[in-house]
Amino acid sequence: MNFEVMKPKRFFFTLFLTIQFGFGQDSIPKPKKADSVIVAPIVRDSMIIDTIVIRRTQPRVKQTAEPVNIMNTTISFKKTKPLSEVQKKFEVPTFWQSVNLIGLNFSQAAFINWNAGGNNSIAAQANARFERNYKFRYFQWDNILETRYGINLQEGQKIRKTDDAIRISSTVGYRRDTISNWYYSVKANFNTQYTDGFKYPDRETPISRVMSPGYFFLGAGTSYISKGQKFNAYISPITQKATFVLDQDLANKGAFGVDKAVLDVDGNILEPGKNVFLEVGFLITNDWETQLMENVALKHRLNLYTDYLRSFGNIDVDWELNVNLKVNKYIVTNLGTHFIYDDDILFDAVKNEAGEVVNEGRPKLQFKQLLGVGVAYNF
């Protein structure tokens, strides 16, 4: 490099850069000591970079010995309660809900040298209820089977029937959305009994038999079903009611509203009585269950029906009200009432001396009350 030719300003500038690069690459400033911490700036390409702080010494963790008293250890289970029921196994979720309930009620009275008098007696009633309900989004299908049969035995008397019923119900519903509780519904009901019924003490002439009567309802309408299905109201402006009297003797007498037999002057049957009686009318049903107290449940069922063609305004009533008092898981007390009023069921027929029916009688309110203590098993 020719220093003589270079101008003074350019010469000094070149000398300054040479000194800076030389010291930046070959020399490192001495570190400064400050409380066991090294702070050593490093010059690298005209940039200052600080190093990471490194501690030279680490204080040891002191161990403190504390006494532990293990001689007076107290373990209490007063706040711990065992499971009241066995934990159920995991079940695969399903859209079907089922109810299986079987019960048996008893009542008994015994007298030994009882001054006030009385007859030894025992009564029993068996009942069962089965449900198979399906619900998925807009569609719902409910199926219910209820059955009851009761007997009573008193000293000096034969067995008498106290209760007899078979009831099957099926309802199909469809709703527009999953929020509404209103459904477009089609409902079918069927009712009958197991054995012959008598007006005691007469045991020769039955006043009712299996399928005599038998009732079948089929109609379409709308239903309001609550979320937990504890309340169900059904309104059907078009319902067909069929009354079956398959026992020909009862049919010839015109029992339960069917057309009776046509007789000649001598009482011979010219035309037998009809076995089926059809009606078209308006039907309202309501089922409601509620918990009055912790162990007291109320169940109510009501059917109201009127015929459009023959006797519009005369309402057939079928109302059941039951109160269940639960003692524990298996023992229950049941108090039930049942009201029936049917315009086609007549009482107090009047006959003349020849035995001919002069007056067929009139409809009356039918009432039944039962009280029993028994066992119930739900599975």
Side-chain angles (χ1 to χ4, degrees), residues 85 88 91 94-107 123-135 140-151 161-173 183 185 187-195 210-211 214-217 223-234 283 285-303 317-340 368-379:
E85 297 181 359
K88 295 183 179 180
E91 297 180 357
T94 178
F95 299 109
W96 285 93
Q97 292 182 350
S98 62
V99 174
N100 303 297
L101 180 61
I102 298 176
L104 186 62
N105 296 335
F106 295 96
S107 61
Q125 182 199 53
N127 58 81
R129 180 182 177 91
F130 303 97
E131 294 185 21
R132 295 296 182 271
N133 303 325
Y134 177 86
K135 184 177 181 181
Q140 182 161 334
W141 183 23
D142 297 337
N143 302 278
I144 301 174
L145 168 62
E146 287 184 298
T147 180
R148 300 189 306 271
Y149 194 83
I151 58 174
K161 182 174 66 171
T162 59
D163 199 1
D164 189 358
I166 305 172
R167 182 179 296 111
I168 301 174
S169 174
S170 181
T171 306
V172 178
Y183 291 80
S185 300
K187 190 180 188 70
N189 286 345
F190 173 74
N191 305 332
T192 188
Q193 61 190 50
Y194 286 105
T195 59
V210 59
M211 286 301 294
Y215 298 102
F216 179 73
F217 295 85
S223 297
Y224 180 87
I225 305 174
S226 63
K227 186 176 180 181
Q229 294 186 288
K230 298 296 183 181
F231 182 88
N232 187 327
Y234 170 74
L283 175 67
T285 68
N286 176 235
D287 294 276
W288 178 47
E289 297 180 25
T290 185
Q291 201 75 20
L292 298 179
M293 298 180 185
E294 183 178 358
N295 293 325
V296 181
L298 174 69
K299 185 178 180 181
H300 141 93
R301 183 187 64 84
L302 176 65
N303 284 10
V317 180
D318 187 351
W319 181 29
E320 283 189 63
L321 185 64
N322 293 281
V323 178
N324 294 325
L325 295 86
K326 187 175 182 180
V327 179
N328 54 34
K329 185 178 179 181
Y330 299 106
I331 301 177
V332 294
T333 299
N334 179 265
L335 173 63
T337 60
H338 194 177
F339 296 87
I340 294 179
K368 180 180 66 176
Q369 184 269 326
L370 293 173
L371 172 63
V373 178
V375 295
Y377 180 66
N378 193 347
F379 60 96

Next item on the list: Would you sort out whether D287 and K299 count as a side-chain contact (heavy atoms from CB on, under 4.5 Å), showing the intermediate values?
Entry: CA-CA 8 Å; D287 294 276; K299 185 178 180 181; 5.9 Å; no
Next item on the list: Verify side-chain contact (heavy atoms from CB on, under 4.5 Å) between K230 and T290, making sure each step is shown before the conclusion.
Entry: CA-CA 7 Å; K230 298 296 183 181; T290 185; over 6 Å; no
Next item on the list: Could you walk me through whether R167 and E320 pass side-chain contact (heavy atoms from CB on, under 4.5 Å), step by step?
Entry: CA-CA 13 Å; R167 182 179 296 111; E320 283 189 63; 3.0 Å; yes
Notebook entry, point to check: Does the pair N322 and L370 meet the rule for a side-chain contact (heavy atoms from CB on, under 4.5 Å), with working shown?
Noted result: CA-CA 9 Å; N322 293 281; L370 293 173; over 6 Å; no
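Taken to the nearest 0.5 Å, the CZ atom of R132 stands 11.5 Å off from the CD atom of Q97. Distance CD1/I225 to CZ/F231: 11.0 Å, rounded to 0.5 Å. In this structure, the separation between OG on S185 and CG on N232 is 7.5 Å, given to the nearest 0.5 Å. Taking CG from L371 and OG1 from T333, the interatomic distance works out to 7.5 Å, rounded to the nearest 0.5 Å. One distance of note links NE2 of H338 with CZ of R148; it measures 6.5 Å at 0.5 Å rounding.
Shown here for D142 and Q140, the closest heavy-atom pair between the two residues is OD2-NE2, 3.1 Å.
With hydrogens and angles disregarded, a donor-acceptor distance shorter than 3.5 Å links the side chain of N100 to the backbone of F379. Judged by distance alone, the side chain of S223 and the main-chain N or O of Y183 form no donor-acceptor pair under 3.5 Å. In this structure, the side chain of T94 engages the main chain of W96 through a donor-acceptor pair within 3.5 Å.
In this structure, R301 pairs ionically with D318, as a charged nitrogen and a carboxylate oxygen lie closer than 4.0 Å. Comment: E131 engages R129 in a salt bridge, judged by a side-chain N to carboxylate O separation of less than 4.0 angstrom.
The local environment of OH in Y330 is sparse, with at most 12 non-hydrogen atoms from other residues, nucleotides or ligands closer than 6.0 Å. A 6.0 Å sphere centred on OH of Y377 holds no more than 12 heavy atoms belonging to other residues, nucleotides or ligands. By the neighbour-count criterion of 12 heavy atoms within 6.0 Å, atom CD of E294 is sparsely surrounded, having that number or fewer from other residues, nucleotides or ligands. By the 6.0 Å contact criterion, NZ on K368 is enclosed, its count of non-hydrogen atoms from other residues, nucleotides or ligands being greater than 12. Other residues, nucleotides and ligands place no more than 12 heavy atoms under 6.0 Å from the NZ atom of K326.
Annotation: side chain of L298 is in contact with side chain of L292 (closest heavy-atom distance under 4.5 Å). At a threshold of 4.5 Å between non-hydrogen side-chain atoms, the residues L302 and W288 do not count as touching. In this structure the side chain of V332 never reaches within 4.5 angstrom of the side chain of N334, judged on heavy atoms.
Of the residues listed (N127, T195, D164, D163), the one engaging Y149 in a side chain to side chain donor-acceptor pair (under 3.5 Å) is T195, and it is the only one. Of the options F217, Y234, F216, Y215, a side-chain contact (heavy atoms from CB on, under 4.5 Å) to N189 is made by F217 and by none of the others.
Defined by atom type and a distance below 3.5 Å, a donor-acceptor pair is present between the side-chain atoms of N143 and W141.
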